[in-house]
Amino acid sequence: MITKRLLFIGTMAMSALLAVAFTLEVSEAADPNAFNRLMKPPSKRNPPPAKDGIHDPESVGAEALQPPKEAFSAMPKGKSGNYVDWVQALADQKIAPRFDRLDPEAKPILMDLNIVREVKGSMPNVVYPHKQHTEWLDCSNCHPAIFIPQKGANQISMAAILLGEKCGVCHGKVAFPVSECRRCHSQPKGKAATTKAEAGAAAAQPAAQPAATAGQP
Amino acid sequence: MAIERKQWKSAIVIAATAWMAVLFGFAPSEATAEYGDVVMNEYSDEAGMRPVVFPHWFHRIRFRCKVCHADLGFKFQAGGNDINMLKIIDGEYCGACHNGDVAWSVENCDLCHSGKAGTPTQVHESTLQKLIMPAGGAPKK
């Protein structure tokens, strides 16, 4: 009889707790401002594996893998993507990714050449810096399969990029997403006649730390 | 009589509790995984394994893109590389490093095969995914 009563009290308490939680959930869901399909609130950025919705919380990996925030805390902040500025992190030597699978001393061969693309619309021209790209990549990653290394040979459009072609092979998947318009569209129209070197200096400014490139700490 | 009523009451409470537990347990949760996380589920589901989650960010801290995408031959496409365990233990793809020498070896199955069952192959949070396959994952391709 006593155990029955205890059981009853226990279930009552549990259901009361659940009811409170349920009401809270409902009131949150009823907030018309809560709907935002594509944007994550800061509280939902860089969650640990067990809470990221892709890892199975039951799996060993979810517990054992490193939470991204732990790695990112020492790196310069970014506006989107991983919310980390990878190019800056490399320039500041906050990270020292190998350029070779086995050799930690291997250095990339940097190419400091800016390509200015005059765009058709009202947006500023695009300045493409080879320098930051050759920090990470090999020439063969882009040439000739994605970009023919010849002036005027590549038709590029934002539509193609959004569909994951051309720049969109990386930008919008792993490299900074296309929402950061100004990082590419960086040269005001009318300045197109300026030399490539000048334009480049302006465009490469965010990551311009020539002495620190490719360094291993 | 009184006891009977009590029992009836507690039965209702238990039923309500169970119902709410079910409701909470199965509430759909949206994926908020890292930008660039790749889910590979070409063979995993069929083979009864959890799909593989590849964290780009973690590898990017340690290696430049060139190491995997030029030297090891990974194409820039989720699911485009036809990776299987045989290739990996023969030292191709992931196996070039995950061999107990450069990185931990293949016996740690669950560290890679850690995704939710049924998650389709994808680059998580890619522009393409946002445009074409919004919210909560896409149908299996």
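Order of the sequence lines sets the chain letters (A, B, ...), proteins ahead of strands, with each chain counted from 1.
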Inset, instruction - For each of A70(B), C68(B), C97(B), C112(B), tally heavy-atom pairs with chain A at distances under 4.5 Å, and name the one with the top tally. - result: A70(B)
Legend entry - Most contacts with chain A, counted as non-hydrogen pairs under 4.5 angstrom, among H124(B), Q77(B), H113(B), R50(B): R50(B)
Heavy-atom count around [X] [atom1] within 6.0 Å, excluding the residue itself: above 12?
{"X": "Q155(A)", "atom1": "CD", "result": "no"}
{"X": "E63(A)", "atom1": "CD", "result": "no"}
{"X": "K69(A)", "atom1": "NZ", "result": "yes"}
{"X": "K87(B)", "atom1": "NZ", "result": "yes"}

Heavy-atom proximity to chain B below 4.5 Å, by part of [X]:
{"X": "I54(A)", "value": "both"}
{"X": "K94(A)", "value": "neither"}
{"X": "P67(A)", "value": "backbone"}
{"X": "P49(A)", "value": "neither"}
{"X": "I146(A)", "value": "side chain"}
{"X": "E58(A)", "value": "both"}
{"X": "Y83(A)", "value": "neither"}

Compare every heavy atom of [Y] with every heavy atom of [X], then report the nearest pair and how far apart it is.
{"X": "K44(A)", "Y": "T32(B)", "value": "O-CB, 3.7 Å"}
{"X": "I61(B)", "Y": "M75(A)", "value": "CD1-SD, 4.3 Å"}
{"X": "L162(A)", "Y": "T127(B)", "value": "CD2-CG2, 3.5 Å"}
{"X": "E34(B)", "Y": "P68(A)", "value": "OE1-CG, 3.4 Å"}
{"X": "L137(A)", "Y": "C65(B)", "value": "CD2-CB, 3.6 Å"}
{"X": "L90(A)", "Y": "R64(B)", "value": "CD2-NH1, 3.7 Å"}

Interatomic spacing from [atom1] in [X] to [atom2] in [Y] - rounded to 0.5 Å:
{"X": "T119(B)", "Y": "D56(A)", "atom1": "OG1", "atom2": "CG", "result": "8.5 Å"}
{"X": "S114(B)", "Y": "L65(A)", "atom1": "OG", "atom2": "CG", "result": "5.5 Å"}
{"X": "E125(B)", "Y": "K173(A)", "atom1": "CD", "atom2": "NZ", "result": "14.5 Å"}

Region of [X] that comes under 4.5 Å of a non-hydrogen atom in chain A:
{"X": "H69(B)", "result": "both"}
{"X": "A78(B)", "result": "neither"}
{"X": "F63(B)", "result": "both"}
{"X": "N108(B)", "result": "neither"}

If we ignore hydrogens and angles and just use 3.5 Å, is the side chain of [X] paired with the main-chain N or O of [Y] as donor and acceptor?
{"X": "N82(A)", "Y": "Y35(B)", "value": "yes"}
{"X": "R101(A)", "Y": "A96(B)", "value": "yes"}
{"X": "D52(A)", "Y": "A31(B)", "value": "no"}

Legend entry - Side-chain heavy-atom pair R60(B), P97(A) within 4.5 angstrom cut-off: no
Inset, instruction - Please confirm whether K66(B) makes a cation-pi placement over F99(A), using NZ or CZ under 6.0 Å from the six-membered ring centre and within 45° of the ring normal. - result: yes
Legend entry - Option in P48(A), A175(A), A145(A), S140(A) with maximal non-hydrogen atom pairs under 4.5 Å from chain B: A175(A)
Inset, instruction - Heavy atoms only, distances under 4.5 angstrom: which of V178(A), V169(A), N141(A) has the most pairs with chain B? Name it, please. - result: N141(A)
Inset, instruction - Kindly indicate, with the supporting measurements, whether the criterion side chain to side chain contact (heavy atoms under 4.5 Å, CB included) is fulfilled by L102(A) and V102(B). - result: CA-CA 7 Å; L102(A) 301 172; V102(B) 181; 3.4 Å; yes
